[in-house]
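Written out below as structure tokens is the structure these notes cover.
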Protein chains: 2
Amino acid sequence: MSQAGKASAGVVTVTVDVVIFTLRDERLQVLLVRRRHGPHAGMWAIPGGEIRPGETLRDTALRTLEEQTGLVDVYLEQLYTFGDPDRDPQQRLVTVSHFAVVPATDVVPRTTDDADHVSWCSIKDHPKLAFDHAEILHYALKRLRYKLEYTAVGFELLPEEFTLTELQTAYEIVLGEDLDKRNFRRKILSAGVLEPSGGFRSGEGRPARLYRYRDDAVAEVKARRLFP
Amino acid sequence: MSQAGKASAGVVTVTVDVVIFTLRDERLQVLLVRRRHGPHAGMWAIPGGEIRPGETLRDTALRTLEEQTGLVDVYLEQLYTFGDPDRDPQQRLVTVSHFAVVPATDVVPRTTDDADHVSWCSIKDHPKLAFDHAEILHYALKRLRYKLEYTAVGFELLPEEFTLTELQTAYEIVLGEDLDKRNFRRKILSAGVLEPSGGFRSGEGRPARLYRYRDDAVAEVKARRLFP
DNA sequence: ACAAAAGTGTTGAGAGTACACCCATGC
DNA sequence: GCATGGGTGTACTCTCAACACTTTTGT
């Protein structure tokens, strides 16, 4: 292929994108922005931006998160790095994608210098996205579902206190399948990661006991081995 | 922090590193190179290099792999991207790390323009490494062990034909624990991913039946759910 | 015949799954 | 008193883990 010598790979722009998940209106949603500038101006995209000197990649992601939602201290992890040479016609663009999970609260998205519209959007019905962002979104969803099965990310979707039915509903929405109430409760309680907060939530029927996630809980992974 | 405007994050160098695993001498080993140039000249490091125009990140990793080992068509996956601002004092260096798994054959490492020594090295007894490469190595090992439990990477460590005892030994070496022979054989055979090649390997005792991995096998993941 | 490695079954314990009714509250 | 959602237990199946002896070959 190309025989460009070393130290001359040309100008490379490194950006960080963050797929921000939440639960709203009984659906799994992501935050999207409409780009104000650049070759994809006017198109919807995953929020993000260039890395700045002195920032770690995670710093850049956290900054993006705060700029768009005002939230700090949320669940965030690095996802995958996309760097195909033709993903942006203007420049060599390498994007380190992340995903974040924020609680189902009333977060008001904020516009920024780069984005003239910001909006929550259902995962299964999103507009056409800039670059290869649709691919990133799919990958993030796959990973979220996957991690839900063997880690405690699920709790990040809910506010600090929640009922068991709310938790079950969150799992059902993300996994896209129904779960048995009695089995769900037995399993989640026997895992020992929840504690009753003491409060109750009153609604239409019998009040539901509120729980919180024990932060001293070790949400350990016990994958069933496929082979050995 | 720094208020560098957009499109001015300065010069960023993007490199791709590849942690190459193999089995040699009853140990899990990785390929290391001794750097010929740069701030870490004379130090051992994980092989890799800068991305070139027209190359995908995977292309760069595959090229590195071929330059160092001559191997093509091996197992390779992206691992994690490291980009802390202080990992190289000279420049902003973002490294997309990968890991590869190559069969336990007699691969002769090759030196390159960048590396005056190349050598296999036991994973648990490696020299001090340049940059944050020790961290990358640890992370790669963790991921390899992890994937071994729910995918078919294990087979990539062996030549095309192998005995069940060889396969079990490979698993034991990587996982660092002993496995029960009967349970191992029952489980691996009932998974339906192996087929007898028809041959036998003669050694000290009774000849062992040779197997190969069925490339039409779907090595599906069945993680046991932790919570729901 | 003996050394050396290959090969082979059973049992008990724990986890997963399917399934239907009573309970506490607000109106 | 009734509608609404909260809360509870049991039986069957399947997978996992522990465990020891026979078979085939080379010398």
Side-chain angles (χ1 to χ4, degrees), chain A residues 23 26 104 148-151 154 158-159 161-173 175-212 219-228, chain B residues 26 104 148-150 154 158-159 161-173 175-212 219-228:
Chain A
L23 282 183
E26 307 281 288
L148 205 64
E149 307 220 338
Y150 67 95
T151 70
L158 297 172
E161 297 192 336
F162 47 84
T163 68
L164 291 185
T165 300
E166 286 165 357
L167 182 62
Q168 182 177 345
T169 303
Y171 270 87
E172 287 175 338
I173 291 170
L175 295 174
E177 63 181 297
D178 288 349
L179 302 173
D180 180 84
K181 181 156 74 162
R182 279 169 294 187
N183 292 338
F184 181 84
R185 291 163 108 92
R186 176 159 17 85
K187 193 160 181 185
I188 203 91
L189 290 175
S190 70
V193 294
L194 296 186
E195 59 186 7
S197 75
F200 287 83
R201 173 159 307 161
S202 296
E204 296 238 4
R206 172 174 170 177
R209 186 177 292 277
L210 290 170
Y211 290 84
R212 71 168 71 93
E220 257 322 299
V221 182
K222 261 141 219 166
R224 172 190 299 167
R225 277 190 199 154
L226 181 55
F227 293 123
Chain B
E26 307 280 290
L148 205 63
E149 306 218 340
Y150 66 96
L158 296 171
E161 297 192 334
F162 48 83
T163 68
L164 291 185
T165 300
E166 287 164 356
L167 182 62
Q168 181 177 346
T169 304
Y171 270 88
E172 289 174 339
I173 291 170
L175 295 174
E177 63 181 296
D178 288 349
L179 303 172
D180 179 83
K181 181 156 75 159
R182 282 169 292 187
N183 292 339
F184 181 84
R185 290 162 110 91
R186 179 164 9 88
K187 192 160 182 183
I188 202 92
L189 290 175
S190 69
V193 294
L194 297 186
E195 59 187 6
S197 75
F200 287 84
R201 174 159 306 161
S202 296
E204 296 235 6
R206 172 175 172 177
R209 186 178 291 276
L210 290 170
Y211 290 84
R212 71 166 74 91
E220 260 320 302
V221 182
K222 262 141 218 165
R224 174 190 297 168
R225 278 192 201 150
L226 181 55
F227 293 123

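Each chain gets a letter, A, B and so on, in the order the sequences are listed, and its residues count up from 1.
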Looking at residues at least two apart in the chain, or sitting in another chain, which of them share a side-chain contact (heavy atoms from CB on, under 4.5 Å) with B:E166? B:F162, B:T163, B:R201
To the nearest Å, how far apart are B:Q168 CD and C:dA5 P? 14 Å
Can you measure from CG (A:L194) to CG (A:L210) and round to the nearest 0.5 angstrom? 11.5 Å
Separation of D:dG7 P from A:I188 CD1 (nearest whole Å): 14 Å
For B:R209, which contact category applies under a 4.0 Å heavy-atom criterion: base, sugar-phosphate, or nothing? sugar-phosphate
Separation of D:dC16 atom C1' from B:F184 atom CZ, nearest Å, is 16 Å
What does nucleotides 19-27 of chain D look like as a protein-contact string, B for base, S for sugar-phosphate only, - for none, at under 4.0 angstrom between heavy atoms? BB--BBBS-
Touch check for B:T163, heavy atoms < 4.0 angstrom, all strands: base, sugar-phosphate only, or nothing? nothing
Supply the atom-to-atom distance A:D178 CG to A:F184 CZ, rounded to the nearest 0.5 angstrom. 12.5 Å
When you look at CD of B:E26, are more than 12 heavy atoms from neighbouring residues, nucleotides or ligands closer to it than 6.0 Å? no
Taking atom C1' of C:dA6 as reference, at what distance in whole Å does atom CZ of B:R201 sit? 14 Å
Looking only at heavy atoms, which two atoms of B:Y171 and B:G154 are closest? And how far apart? OH-CA, 4.1 Å
Whole angstroms only, please: what is the CZ-C1' distance between B:R185 and D:dC16? 19 Å
Once you round to the nearest 0.5 Å, how far does OG1 of B:T165 lie from CD of B:E172? 9.5 Å
